[in-house]
Amino acid sequence: MNREQAHGILMKYMKGENYIIHSYAVEAIMRGLAKKLAPDEIEYWGIVGLLHDLDEEQCDWQNDMSVHGPTSVEILKKEGIEDKTLFDAICAHNPKNGVKAKTPLQYAVLAADPMSGFVKAVAQIYPDKKVASVKHKSVMKRFNEARFAKGANRDYMEMIEFTGLSLDDLIDVALEEMTAIADELGL
């Protein structure tokens, strides 16, 4: 599957603008992480990021987190996709469905997902609300404030360390890659 096919599937099943924008942000971060961790798989890692929340509007994850991830796998199978690596990575971004991250790809999507929302939250407190204005130091300061963006799972973000990268690396990648597509993200 290429990016165009993945985007077509995303647009077929996801209608909420905020969910789509979030998917683009995670895709961008995953591409940036792949540049460091798997330079031959940048598009593939991006597709994992793009599709990680494919089932967001297709299942009742608010009441049962165990269905978030496996429902995406079922959607992809229905679309004729058979890719265990993709399926496992999508499921691993939500350990509450029973799949635990084991590979760099899986740890990357687990960490990139909450980081995208966290960087957006930091950008929102800046006067211009632009991700380009956000500094690494500001992200770290807010990271250490438990009440700030408390829904963004800091433990998951720190799991990036299982790839050999640091939290600082993840923040830098997120800032760089989200800034590169800031217009698409409305940031």
Side-chain angles (χ1 to χ4, degrees), residues 3-4 6-11 13-39 41-54 56-57 61-62 68 89-90 93-94 104-105 107-161 163-187:
R3 201 274 179 185
E4 186 179 336
H7 190 261
I9 292 170
L10 179 77
M11 298 311 285
Y13 291 93
M14 192 175 279
K15 304 301 177 200
E17 184 179 358
N18 289 338
Y19 292 138
I20 293 167
I21 289 170
H22 170 68
S23 297
Y24 292 160
V26 177
E27 174 190 21
I29 295 169
M30 288 296 290
R31 285 175 169 273
L33 292 172
K35 289 174 191 173
K36 296 180 176 294
L37 297 168
E41 299 177 20
I42 293 171
E43 180 163 322
Y44 189 82
W45 281 45
I47 289 168
V48 170
L50 187 65
L51 297 178
H52 82 284
D53 274 346
L54 180 62
E56 195 80 25
E57 299 171 320
W61 59 269
Q62 293 95 336
H68 182 46
I90 287 172
H93 99 276
N94 171 30
L105 174 62
Y107 282 115
V109 73
L110 177 65
D113 180 23
M115 181 55 73
S116 69
F118 194 82
V119 167
K120 181 179 179 180
V122 174
Q124 295 298 310
I125 62 172
Y126 276 66
D128 65 359
K129 301 193 182 324
K130 298 291 184 194
V131 69
S133 299
V134 177
K135 305 288 182 254
H136 181 105
K137 184 176 166 184
S138 297
V139 177
M140 277 310 298
K141 178 183 173 199
R142 298 296 177 178
F143 188 88
N144 292 317
E145 293 175 11
R147 289 186 3 210
F148 182 83
K150 64 182 177 184
N153 192 314
R154 286 151 172 81
D155 291 339
Y156 291 176
M157 289 184 250
E158 290 179 326
M159 293 283 187
I160 196 65
E161 294 174 2
T163 69
L165 297 179
S166 66
L167 178 62
D168 286 325
D169 295 328
L170 176 62
I171 292 168
D172 290 341
V173 166
L175 290 172
E176 180 180 339
E177 299 299 333
M178 289 176 69
T179 298
I181 63 163
D183 288 345
E184 274 184 85
L185 302 177
L187 294 173

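The model shown is predicted, which means the values in this text are computed figures rather than measured ones. Numbering starts at 1 and runs along the sequence shown.
- Using a distance-only test at 3.5 Å, with no hydrogens or angles considered, no donor-acceptor pair links the side chain of Glu56 to the main chain of Tyr19.
- Every residue two or more places apart in sequence or in another chain was checked for a ring-ring contact (aromatic ring centres under 6.0 Å, His included) with Tyr13, and none qualifies.
- Judged purely by atom type and a 3.5 angstrom limit, Lys129 uses its side chain to pair as donor or acceptor with the backbone of Gln124.
- Annotation: side chain of Arg154 is in contact with side chain of Phe118 (closest heavy-atom distance under 4.5 Å).
- A donor-acceptor contact shorter than 3.5 Å is absent between the side chain of Arg142 and the backbone of Met140.
- Residues His93 and Val48 are not in side-chain contact: their nearest non-hydrogen atoms beyond the backbone lie 4.5 Å or more apart.
- With Glu57 contributing its side chain and Lys15 its backbone, the two residues share a donor-acceptor pair below 3.5 Å.
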>> Go through it in stages, so that I can follow the logic: the residues are Leu170 and Ile29, the test is side chain to side chain contact (heavy atoms under 4.5 Å, CB included), and I'd like the CA-CA distance, side-chain angles, deciding distance and then a yes or no.
In response: CA-CA 8 Å; Leu170 176 62; Ile29 295 169; 4.1 Å; yes

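- Taking the six-membered ring where tryptophan is involved, the planes of Tyr24 and His7 are essentially parallel, since the angle between them stays under 30° and well short of 60°.
- Screening Thr163, Asp169, Asp168 against Ser166 for a side chain to side chain donor-acceptor pair (under 3.5 Å) leaves a single residue, Asp169.
- Between Leu185 and Val131 the shortest side-chain heavy-atom distance does not fall below 4.5 Å.
- Around CD of Glu145, the count of heavy atoms belonging to other residues, nucleotides or ligands within 6.0 Å exceeds 12.
- For Ser116, the side chain to side chain donor-acceptor pair (under 3.5 Å) test picks out His22, with sequence neighbours left out.
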